[in-house]
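Let me begin by presenting the structure, written as structure tokens, before commenting on it.
As the structure is a computational prediction, the values presented were derived from the model and not from experiment.
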Amino acid sequence: MSISEAFGLILRQARQDKGLTQERLGELSGLHRTYISLLERGQRTPTLDVLFRLAGSLGVSASDMVKGLE
């Protein structure tokens, strides 16, 4: 499994734990729903800016999201 795929699983789980749709997470983070989908499927890798925007929108720390990749 690639790092992008592993991050996608972490992102999807965090989003689902908060009861958010991809569309709602996109609204909260200022990202398009399609981009959220690409991230969750491991087809895109987030920049640091995007990582922090997603983490803030999910109410988790960016470091916790990254720790799951180790």
Side-chain angles (χ1 to χ4, degrees):
M1 177 180 297
S2 73
I3 292 173
S4 295
E5 290 169 330
F7 178 80
L9 293 175
I10 291 167
L11 175 59
R12 179 179 292 125
Q13 188 61 55
R15 177 181 61 77
Q16 290 175 342
D17 287 349
K18 298 293 181 178
L20 299 174
T21 63
Q22 288 178 345
E23 185 171 357
R24 183 63 182 140
L25 178 57
E27 291 169 358
L28 293 172
S29 61
L31 301 168
H32 196 276
R33 182 206 59 80
T34 303
Y35 184 61
I36 302 292
S37 175
L38 291 170
L39 288 170
E40 287 188 358
R41 289 182 284 140
Q43 295 181 349
R44 294 287 185 272
T45 302
T47 62
L48 285 174
D49 179 59
V50 168
L51 172 64
F52 278 84
R53 287 165 66 181
L54 290 168
S57 297
L58 291 166
V60 299
S61 71
S63 61
D64 283 342
M65 293 183 81
V66 172
K67 281 180 194 174
L69 298 174
E70 298 181 315

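- With a 4.5 Å cut-off on side-chain heavy atoms, Leu54 and Val60 do not count as touching.
- At least one donor-acceptor pair under 3.5 Å links the side chain of Ser57 to the backbone N or O of Leu28.
- Once rounded to the nearest 0.5 Å, the distance linking CG of Leu39 with CG of Leu51 reads 10.0 Å.
- Remark: Ile3 CD1 is loosely packed, at most 12 non-hydrogen atoms of other residues, nucleotides or ligands lying under 6.0 Å away.
- No single ILVMFWY cluster, assembled from side-chain heavy atoms under 4.5 Å apart, contains both Leu9 and Ile36.
- Rounded to the nearest 0.5 angstrom, Leu69 CG and Ser2 OG are separated by 10.0 Å.
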task: Could you please spell out the steps behind the side chain to side chain contact (heavy atoms under 4.5 Å, CB included) verdict for Phe7 and Val66?
output: CA-CA 8 Å; Phe7 178 80; Val66 172; 5.9 Å; no
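- Linking Ile, Leu, Val, Met, Phe, Trp and Tyr whenever their side-chain heavy atoms come within less than 4.5 Å leaves Ile10 and Met1 in two separate clusters.
- With sequence neighbours left out, Arg41 forms a side chain to side chain donor-acceptor pair (under 3.5 Å) with Ser37, Gln43.
- Here the side chain of Arg44 pairs no donor or acceptor atom with the backbone of Leu38 at under 3.5 angstrom.
- When all heavy atoms are compared, the tightest approach of Ala55 to Ser61 is CB-C, 3.9 Å.
- Within the 4.5 Å cutoff, side-chain heavy atoms of Leu58 are placed close to those of Leu11.
- Not one N or O on the side chain of Gln16 forms a donor-acceptor pair closer than 3.5 Å with the backbone of Gln13.
- Taking Glu23 as the reference, nothing meets the side chain to side chain donor-acceptor pair (under 3.5 Å) condition, with sequence neighbours excluded.
- A distance of 11.5 Å separates CG of Leu25 from OH of Tyr35, quoted to the nearest 0.5 Å.
- Between Arg24 and Glu27 a salt bridge is recorded (basic side-chain N to carboxylate O distance below 4.0 Å).
- Distance alone, capped at 3.5 Å, places no donor-acceptor pair between the Arg33 side chain and the Gln22 backbone.
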